[in-house]
Amino acid sequence: MLAALKPRIAVILVIVNAALWAGAMLWPEHSEPGMLSLAVGLAPGVEPLILARESGRLSSSEVNFVEMNWASAAMRALRNRVVDAAVLSLDEVIRQWDFGADLKIVLVTDVSEGADAILARPGIKGMDGLRGARVGYEQRSSGAFLLSRALRQRGMSFADVETVPLNAAEMSEAFASGDVDAVAAAEPFRTHVLKAGAVEIFNSRSLGGDLCHVLAVRVEKLTEHRDMLARLVRSHFECLPLLAEGKDHLNPALRREELTAEEFKKVLGSVRFPTLEENRASMAGPSSDLAAKLLRVATAMREEGWIEQDIDPADVLDRLLLDEMR
Amino acid sequence: MINIRSIQFQIPAAILLVGAALIAFAVSRQFARDVNVRMESLRLDAFEEGTRLSGLAQHLFRKNLLRTADLVMSYASVSPELELGLICDGEDVVRHATQMQWRGKGLSATPLAGAKTLATAVRETMEGRVDTSADGALLLGAFPFWDSRRVTSKGVVLLRYDLERAVAHARRAAWQSVIAPSLALMAGCLSLWLTLDWLVTRRVAAVVKQAKAATLNALPEPPLAGDNELAEVSRSIHETVQRLAEFEQRFSRLASTMRDVFWIAPAAPGAEPFVNASYQQFWGRDPRRLGVKRWDWLKSVLPDERRSLLEALRDLRLHVAERDVEFRLGTGGARWLRCRAFSVAGARAPHDVAGIVMDVTEQKDIERRIIEAAENERRRIGQDLHDDLCQRLAAAQLKTGVLHNVLAQVNDRQSALAGEVAEELGEAAGIARSFSRGLAPVSLDQSGLEDALEEMAQFLAKAFHICCAIDCPDVHELLPSDRLVLVFRVAQELATNAAKHAGPSWIQVKIGIKDGGLQLQVIHDGTAFEPSRIGNGGMGLRIMKQRLDALSATLTYSTLKGHPPRNLAVVEIPLGMR
C-alpha cells in the first residue's frame with residue numbers, strides 16, 4: 001500500500017543522508033604511520049630496549065632498531081630524519097637542538113657513573129700527563145664533552161693536547177696500534193681499551209651525572225607514534241631488572257657489546273638506570289634535576305664554542321609519556 | 001513501514017546491490033594490485049640493496065674498512081621492511097649485520113640459517129638472486145662478492161624482507177578504500193529513495209487516492225498540478241471520471257423515467273443491486289433494502305415460481321445468454337411479470353446479470369378472457385352441433401331405416417341402398433356427436449371430470465389404438481367448472497400430443513390431491529417430450545400454456561427410470577386461485 005513517509009522520519013532520513021554524504025566526502029585517505037625507527041648505538045643504556053626486542057615485547061614490525069656503531073652516526077641519522085628517535089647523550093641532544101632539530105627528551109635511559117672515561121698509556125699520570133699527548137676521541141659526541149670537562153677541571157683546554165678524531169669502534173685498535181696515547185671511551189669500548197693495556201685517568205663519576213643518555217624523539221613523531229613510544233618506554237622499565245639477572249637472555253647484549261658476562265656485570269656497575277619515579281622527578285619542572293643538567297651541559301658546551309643558542313629545558317623536556325605510566 | 005515490493009524500494013535496492021558488487025570487485029582488484037606492486041617494489045629494493053651491499057662489502061673487505069661496513073649495514077637497516085641483513089665471509093661467518101648481536105656467529109646460528117642453500121647457489125653462479133619463501137611471507141636475497149682476504153673465498157650478502165607486513169598494509173588500505181565509496185553508495189541510494197518518495201510515491205499515492213475516491217455521484221477531486229507523467233495520468237483519470245459521471249447521469253435519468261423495472265445484479269459479492277424507481281411500484285418494497293438483503297425482492301414472488309426464477313438467474317451467471325421468465329408477485333393480488341434477463345459478458349463467470357421486468361398482468365387477463373371466450377364459443381358450437389345437427393342426422397337415420405324396412409318388405413331393389421344410407425347417416429351422426437362432445441364435453445357439466453376423461457380415453461383408444469387408463473377422483477367441488485374445463489383441456493392436449501407424437505403403447509392420466517393442490521399426471525412409455533418446445537411450439541402448445549397460466553399451474557416433464565422408462569408430465573394446479 002502506498003504511504004508517504006511521516007515528516008519526522010523523513011527529517012531523520014535526510015539527516016542520515018547528509019551524514020552519509022559528509023562521511024563519504026570527508027573520509028580520510030588511507031594513511032598508516034610508518035614504523036617507528038629508533039637509532040641505538042653500542043652502549044649499556046640501550047640494552048634494555050634490545051632485550052625488549054629480543055623478548056618479543058617490541059615487535060620488529062612495530063619498531064625498527066637501527067643499530068649504529070658510534071654516536072655521531074646516530075645523531076646524523078636523527079638530524080636528517082632518517083630515524084624518528086635515538087638514544088643519545090644529553091650533550092649530543094643539545095648539539096642537535098642547536099643545529100635546529102626539533103627534539104623532545106622523553107626518557108633518561110641511564111646516567112654514566114664511570115662508564116665513560118679517559119684512558120691513557122700506563123706511563124701517563126693523570127690528566128696533567130696528557131699535555132702534548134695524542135688523545136683520540138669521537139668528535140661532536142659525549143667523548144668530546146667528557147674530554148672537555150676533564151681538561152677544564154685541570155685548567156687545561158683542547159689546545160693543550162693533540163686531538164685525534166676517532167669513532168668509538170676504532171678506539172681499542174687505535175690505542176693498541178699506538179696511534180694515540182689516550183682515548184675518551186665509553187663502555188663497552190672502555191673495557192676493550194682497558195684490555196688493550198690502558199689505565200683510567202678520569203671518568204664520568206666526576207661529572208656529577210651530567211653525562212647521561214636520553215631517548216630523544218622528533219616532535220612530529222611524538223604524536224604520530226605516541227602509543228608505540230609509550231610501549232617503548234614501558235618496555236625499557238620492564239626489562240631493566242633483566243640486566244641484573246645474568247641469564248641466557250643477556251646473550252644478545254653480550255654479543256653486541258663483545259663482552260663476557262663478568263665484564264658486562266662490571267660495566268653495569270658503572271651505569272645507573274633511573275627508575276620511573278626518578279625519571280618523573282628529574283623532569284618535574286624548570287628546577288628539576290634534568291633541567292639543571294641540561295643548563296649546565298649547555299653552558300659548558302657554549303664555553304667550548306660548540307653551540308650558540310640558549311636552550312630552555314621546557315622546550316626540550318617532555319614527561320607526558322612518563323606520566324601515563326602506571 | 002518500508003514496502004519491499006514498491007518501485008521506490010526496488011530501484012535503490014538494485015542500485016545498492018550492483019554498486020556493492022562493483023565496489024567489492026574494485027577493492028579486490030585494488031588489493032591484488034597493491035600487493036603485487038608492493039611485492040615487486042620490495043623485490044626491486046632487495047635487488048638494489050643487495051647489489052649495492054655486495055659491491056661495498058667486496059671493496060670494504062679488501063680495504064679492511066670493517067667499521068665502515070658496520071655503518072653501511074646500519075644505514076641498510078633503516079629500511080623498515082628489512083628484517084635482517086648479514087654479510088658473511090667465505091666461511092659463512094657473520095662479519096657485519098644489521099643486528100650487531102650476530103657478528104662473529106656462524107650463519108647456521110642466525111635466523112637466516114635457512115638461506116644457506118640459497119647462499120650456496122648464488123656462490124656458484126656469482127649472480128645475485130631474490131627469492132620468495134615457500135609460504136610467501138618472506139623475501140630472501142643473496143648477493144655474492146669476492147672476499148679478497150682469501151683469493152678463492154666468496155662472501156655473501158643475505159637480506160630478509162618481511163612480506164606479510166606489506167600484504168597486511170595493502171589489505172588495510174583496501175578495506176579503508178571501501179569505506180568512502182560505500183558511504184557514497186549508501187548516501188546515493190538513500191538520496192534516490194528519498195527523491196523517489198518525494199517525486200513519485202507521494203504523487204502516485206495522490207493519484208491512487210483520487211482514483212479510489214472517484215464516484216459517479218459526486219464531483220471528482222481536482223487532478224495533480226504539473227506537467228509530468230503523473231499529473232497527466234491524474235488529469236486523464238479526472239476526465240474519465242467526469243465522462244463516466246455524465247454517462248451515469250444520463251443513465252439514471254433514463255432509468256428513473258422507465259415505466260418498467262430496470263435492474264442490474266452484479267456478481268461481485270457484497271455489490272449492491274441496482275433497480276430503478278419502478279421497482280417500488282411493482283414490488284411494493286423499499287429498494288434500499290436490497291443494499292442490505294440482496295434477495296429481498298424474492299419474498300414477493302409466489303413460492304412455486306421462485307425456483308424457476310433462481311434457475312434462470314444461475315444459468316445466466318454461468319453462461320452468457322438471454323432468458324425470458326414469467327412469474328407472479330403475491331403482493332396485493334396476483335401480478336404477472338415478464339422478466340427479460342441477460343448476462344453482461346465479463347472475463348469469466350460468474351457474470352453480472354441485468355434485465356427489464358414488465359407488467360403483463362393485463363395481457364394475461366386478456367389471454368384468460370380469450371380462452372374463456374374461445375371455450376364458451378367451442379361449447380356453444382358443440383352444443384349447437386349436438387342440439388341441431390346431431391338430432392337432424394339422427395332423425396334422418398331413423399327415417400332412412402324405416403324406408404329400408406319398407407323397401408325390404410316389398411323386395412324393392414333400392415332397399416339395400418336405403419340401408420347403406422341409413423348406415424352412413426348413423427356414422428355421420430356418431431362423428432357429429434363426437435365433435436360435439438369434443439367441443440362441449442357434456443359430462444364436465446353433468447357428471448364431472450372423470451367421465452370427460454373417460455370419453456377422451458375411449459376416443460384415443462379408438463383413434464390411435466392406444467390403451468388409455470384414467471384415474472380421477474371426484475374433484476368437481478374443488479374447482480369451478482370453468483377451471484375444470486381448463487384442466488380437462490390440458491389433460492386432453494397432453495394425452496393427445498403423447499398419442500400423436502410419442503408413439504406410446506399406453507397412456508395413463510391421473511388426477512390427485514397433493515400438497516393442498518390438484519395434480520394432473522400424464523404418463524406414457526413413448527418418446528420423451530422436450531420441455532423447451534413449450535411456448536415456442538405449435539398453436540396447441542401455446543394455447544395449453546395460456547390455459548396453464550389461467551390456472552396458475554406449472555408443468556414439468558420428467559422421465560421415471562425403469563424398463564421401459566416412463567415419461568411423466570405433471571401439472572400442479574393450486575387450489576384457491578380464482
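The model shown is predicted, which means the values in this text are computed figures rather than measured ones. All chains are named by letter (A, B, ...) in the order of the sequence lines, taking the proteins before the strands, and each is independently numbered beginning at 1.
The contact list for residues 169-195 of chain B toward chain A, using heavy atoms and a distance under 4.5 Å, reads B:H169, B:R172, B:A173, B:Q176, B:I179, B:A180, B:L183, B:A184, B:M186, B:A187, B:G188, B:L190, B:S191, B:W193, B:L194 by residue number.
Remark: side-chain polar atoms of B:R38 are not paired, donor with acceptor, to backbone N or O of B:V167 under 3.5 angstrom. The main-chain N or O of A:F264 is never found under 3.5 Å from a side-chain atom of A:E257 such that the two would form a donor-acceptor pair. No donor-acceptor pair under 3.5 Å is formed between the side chain of B:D197 and the backbone N or O of B:T201. Using a distance-only test at 3.5 Å, with no hydrogens or angles considered, a donor-acceptor pair links the side chain of B:N36 to the main chain of B:A32.
In this structure, no portion of B:K209 lies under 4.5 Å from any heavy atom of chain A. Contacts of B:Q99 with chain A are made by both backbone and side-chain atoms, with heavy-atom separations under 4.5 Å. Residue A:E258 touches chain B through its side chain alone, counting heavy-atom pairs closer than 4.5 Å. For A:L254, no part lies near chain B; criterion is any non-hydrogen pair under 4.5 Å. Heavy atoms of A:A77 lying under 4.5 Å from chain B belong to its backbone as well as its side chain. For chain B, the nearby parts of A:V14 are the backbone and the side chain; heavy atoms of each come within less than 4.5 Å. Interface residue B:R67: backbone and side-chain heavy atoms are both found under 4.5 Å from chain A.
Within the structure, the salt bridge (Lys or Arg N to Asp or Glu O under 4.0 Å) test picks out no pair touching residues 8-29 of chain A (sequence neighbours left out). For residues 12-26 of chain B, the set of pairs meeting the side-chain hydrogen bond (donor to acceptor under 3.5 Å, both in side chains) definition, not counting sequence neighbours, is empty. Applying the salt bridge (Lys or Arg N to Asp or Glu O under 4.0 Å) definition to pairs two or more places apart or across chains, those involving residues 35-55 of chain A are A:E47-A:R256, A:R53-A:E67.
Side-chain contact, A:E263 with A:T191: no donor N or O sits under 3.5 Å from an acceptor N or O. For the residue pair B:T132 and B:R43, a side-chain donor N or O sits within less than 3.5 Å of a side-chain acceptor on the partner.
More than 12 non-hydrogen atoms from other residues, nucleotides or ligands lie less than 6.0 angstrom from CD of A:E245.
The choice from B:V78, B:L66, B:D162 that makes the most heavy-atom pairs within less than 4.5 Å of chain A is B:V78.
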